[in-house]
Amino acid sequence: MERYDARAIEEKWQAEWAREGAFAVANPEPGTEDDRRHFYMLEMLPYPSGSLHMGHVLNYTLGDVVTHFHRRNGSTVLRPMGFDSFGLPAENAAIKEGGNPLEITERSIAAIENQMRRMGWAIDWAREVSAHEPTYYRWTQWLFLRLLEHGLAYRKEAPVNWCPNDQTVLSNEHVVDGRCWRCGAVVEARNMEQWFFKITAYSDELLDDLETIDWPERTKKIQRQHIGRSEGAELLFRIDELDRDVAVFTTRPDTVFGATFFVVAPESPLVDELVDGTDRADEVRAYARIAAARPTEERASREKTGVFTGRHAINPANGERLPIWVADYVLMQYGTGAIMAVPAHDERDREFAQTYELPIVPVIDDGGSLINSGRFDGLAWREAIVAITQWLSEQGKGKSAINYHLRDWSFSRQRYWGCPIPVVYCDDHGIVPVPDDELPVLLPEVENYRPKGEPPLAQATDWINVPCPRCGKPGRREADTMDTFVDSSWYFLRYTDPHDESAPFDRRVADYWMPIDQYIGGIDHAKGHLLYSRFFVKALNDLGLLGFREPFQRLFHQGWVKLGGKKMSKSQGGVTPDELIDRFGADPIRIYILFQGPADQDIDWTPDGIDATVRFVRRLWRIVHEAAERPASPPGVDTALARKAHEVIARVTDDIERRFVFNTPISAVMELINELSKAPDDPAARFAAETAVSLLQPYVPHVAEELWAVLGHSRLWEEPWPAADESLLQRDTVQLVLQVNGKVRDRVEVPVGLSEAELVERAKASPKVQAHLNGKEVRAIVVPDKLVNLVV
RNA sequence: GCCGGGGUGGCGAAACGGGUAAACGCGCCCGGCUUAAAACCGGGUGUCCCUCGAGGACAUGGGGGUUCGACUCCCUCCCCCGGCACCA
């Protein structure tokens, strides 16, 4: 028996798989019926940041087990890999350390790809794509132009989140607690012209279709909450001085009789209209300017402030004149930017009313019935919502309405290392799309990546000054680049047809593989990537480019791998995959990371346990070698060891397939190995060894392949998954648990299938049970083949 | 504040439809092999009590409940992690 040499074995089989193209899969042939059972397995693609970390190792090893499992169960499994290779870190590194983002990125990709190969993951490398390659971003641009044509991409001036550190706009999804998700700087509010995707056009569908996909409930909740649909009414308040009606959104139209004042957001254009030409104009405008400029977070945490405009609005329900205030607690982005204030029944309105001594009129009593509400007095508030909305709508003073928290996705970034937005600004023609046949608009080289009040691309004068594609007069290219989340909103489609030079993908091929059968990635993408991708697929479906409306049919979130309580992100000393592979081998690392606990649970990284998995692999190695000396087990061999092997097959299969748990299968195979080591002469010894190796193959593909050869076989990666023999899963005898008053007093071995009376008899025969009965009368609870509980 | 998820030995965990709590592994203890150590192999290991047994009691964050029987179901409280948060 040779010594277990992880490095030699791993290099040998990795070379073999690469030579064979073992994990490459073919697309369906055009014009023929493709009846392959197929499965699209995908993990979120990595950002190339120099090295993988243990979180990646968990993520991709999980996907690898699923990939092998489905392959060996007869599916053609598409399992590609690529790189989310545009983005700020490479650009910031270039600014800080010199070099250029392209070179930095490609060096990282090469390093990570090497790590991935060394981990032995079963990836179809022929489909590799990276977002920064012109052959990829050409099609990102092409898709953008399609969305632009259909009004789903547009440009407008709007209040946006500005990160002063990264010198760029951020989407709402990437402002966390008022800070930039990437660098942590406090985000400022700015009014800027920006590009947006009209994701809000899909609010309802993004919400409703969550019912059709198999995702963790918590992820659906995060998306539902983010979309934030609320039902209510839009009510019209007359402002006589302006001779017009102003709409407000409320979820509680039943409280309209309790509205005692009216509030407008400081950013609202209404502010100017209201005070223009009045003696309060200066004071109100000054307040509005200061209040609107405050960071959103600060605005939420400090005491509410406001100023009276001198104007009034008419309550549509009772005709009362309500003073109009401008106050910082009303937000422009939600509803209409103006509210009716009902201080008796809204905490924020009450706080404000108390500060500024405004009247408070209760309109709902303790029993939930309306008061002070004219003809609606006595009505339950829930019914009043309907009744009052209808009453006002009959008079043309309101209607039922729905509002959402979700806002359009701002995707232009004032940075260099991203996909150029393929439009030209022309004085005569405005925004002019670059014609499809001129794509890609290549990212030019620039001298300096640091933004200086304008995006770095604005400095590339040769590049930016181009004739208008429509009229030929001088024009200017868009200098903003796209958010990298645009790149990752369709990469899974490109994988299906990665070398297509005439289209981003072939609809026939995309429809064949998609939707993704199993997607695995972090829950931190719940309202970013996972929402944007759903939007993209829905939009592309509406454009006729795809035949499905959801990208990820089934989703799983792996837990965090933490170091000292903190999420592992960058490479940390001593725990890069490279160093660990050198010390222990890829197989032990793979099994270690999955053996720690349930894969969706966070794990604290300690290298301690890896020794134990190395030990286990060596033990497996030795015991399988010993078993290989034994004669082949006869087919259908029926011994205790054979039965154990079949039981383990059933457990492992069920765990991976139905329960989607990956730690307990390892335990189960360990049990089998333990029994085999205690019964080396059992006629089923060799069968037990073969079973153990076969079941572990998805976890430790290299050593499993080597041991499979030792057992006289070949090509385990193509071997059908073992099937448990049902007849050998049946037991002849079972351990019967004997309880007295619910406490276990004895256990006896009995034949399967005894009647209840027989089981009770066996129970009463036990001396230990008798000792606790003292001859008293009993009632028996019987669970056949399992338990008898005698109740005194 | 609202909405999720969780709390089981010294540690990571298992127990999947209410039916043997702690499988599997780590650590630790004892023994074997060895000149020795490592490696490897075998055995033990929830806590407490005693008369040391084929003994007993107590044990799944705290308290209560349902049940013959609860880690599992219900109520309540505490703690940890995550999401949202002036959303009208």
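Below, read A as the first sequence line, B as the second, and so on, with proteins coming before strands; counting in each chain starts at 1. As the structure is a prediction and not an experimental result, all values here were calculated from the model.
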Open item on the list: Give me the atom names and distance for the closest heavy-atom approach of Y4(A) to P588(A).
Closed with: OH-CD, 3.7 Å
Task: Donor-acceptor contact below 3.5 Å, side chain D785(A) vs main chain G753(A) - done: yes
Task: Aromatic contact, Y592(A) with F584(A) (centres under 6.0 Å) - done: no
Task: Check: Q596(A) side chain, G12(B) base, donor-acceptor under 3.5 Å - done: no
Task: R407(A) CZ - A85(B) C1' separation (whole Å) - done: 12 Å
Open item on the list: Please report the distance, rounded to the nearest Å, between CZ in R651(A) and P in C24(B).
Closed with: 9 Å
Task: Out of C24(B), C16(B), G4(B), whichever nucleotide has its closest atom nearest the side chain of N674(A) - done: C24(B)
Open item on the list: Below the 4.0 Å mark, does A14(B) have OP1 or OP2 next to a side-chain nitrogen or oxygen of N663(A)?
Closed with: yes
- [ ] Check the distance between A88(B)'s P and L322(A)'s CG and give it to me in whole angstrom.
- [x] 20 Å
Open item on the list: What is the separation between atom CD on Q225(A) and atom P on C3(B), rounded to the nearest whole Å?
Closed with: 10 Å
Task: Minimal non-hydrogen separation, A341(A) against V263(A), with atom names - done: CB-CG2, 4.3 Å
Task: Which nucleotides of RNA chain B pair, in dot-bracket form (Watson-Crick or G-U under 3.5 Å, | meaning another strand) - done: (((((((..(((......[....)))((((((.......))))))(((((..).))))..(((((..]....))))))))))))....
TODO: Using whole Å, report how far CD1 of I523(A) lies from C1' of G83(B).
DONE: 8 Å
TODO: Could you check how far CZ of F237(A) sits from P of A88(B), rounded to whole Å?
DONE: 16 Å
Open item on the list: In whole Å, I'd like the distance from the OH atom of Y592(A) to the C1' atom of C11(B).
Closed with: 12 Å
Open item on the list: Taking the minimum atom-to-atom distance to the side chain of M670(A), which one of C24(B), C68(B), A15(B) wins?
Closed with: C24(B)
TODO: Using a 4.0 Å heavy-atom cut-off across all strands, classify R745(A) as base, sugar-phosphate, or nothing.
DONE: sugar-phosphate
Open item on the list: Please classify the glycosidic conformation of G31(B) as syn (within 90° of 0) or anti (everything else).
Closed with: anti
TODO: State, to 0.1 Å, how close L672(A) and A688(A) come at their nearest heavy-atom pair, and which atoms those are.
DONE: CD2-O, 3.7 Å
Task: D746(A) (side chain) donor-acceptor with S766(A) (main chain) under 3.5 angstrom - done: no
Task: Phosphate OP1/OP2 of G56(B): any H772(A) side-chain N/O under 4.0 Å - done: yes
Open item on the list: Does Q739(A) contact G19(B) through a side-chain donor or acceptor facing the base, at a distance under 3.5 Å?
Closed with: yes
Open item on the list: Categorize Y404(A) for me: base, sugar-phosphate, or nothing, with a 4.0 angstrom heavy-atom threshold over every strand shown.
Closed with: nothing
Open item on the list: Checking the side chain of T255(A) only, and the main-chain atoms of V342(A) only, is there a donor and an acceptor separated by less than 3.5 Å?
Closed with: no
Open item on the list: It should be established whether K644(A) places a side-chain nitrogen or oxygen under 4.0 Å from OP1 or OP2 of nucleotide A23(B).
Closed with: no
Task: Ion pair check, R350(A) and E347(A), cut-off under 4.0 Å - done: no
Open item on the list: How would you summarise protein contacts on nucleotides 38-54 of chain B per nucleotide, using B for base, S for sugar-phosphate only and - for none, with heavy-atom distances below 4.0 Å?
Closed with: --SS-------------
- [ ] Just call it for R779(A): base, sugar-phosphate, or nothing, with non-hydrogen atoms closer than 4.0 Å on any strand.
- [x] sugar-phosphate
Task: Heavy-atom donor-acceptor pair, H557(A) side chain to G521(A) backbone, under 3.5 Å - done: yes
Open item on the list: Quick check: W325(A) with Y356(A) (ring centres under 6.0 Å apart)?
Closed with: yes
Task: Nearest listed nucleotide, side chain of V744(A), among G56(B), A21(B), C68(B) - done: A21(B)
Task: Nearest to side-chain heavy atoms of T251(A), which nucleotide of A88(B), A14(B), C16(B) - done: A88(B)
Open item on the list: What is the distance, to the nearest angstrom, from the NE2 atom on H405(A) to the P atom on A85(B)?
Closed with: 8 Å
TODO: Look only at the side chain of Q697(A) and the backbone of V693(A), and say whether a donor-acceptor pair between them is shorter than 3.5 Å.
DONE: no
- [ ] Assess whether one donor atom and one acceptor atom, taken from the side chain of K304(A) and the base of C86(B), lie less than 3.5 Å apart.
- [x] yes
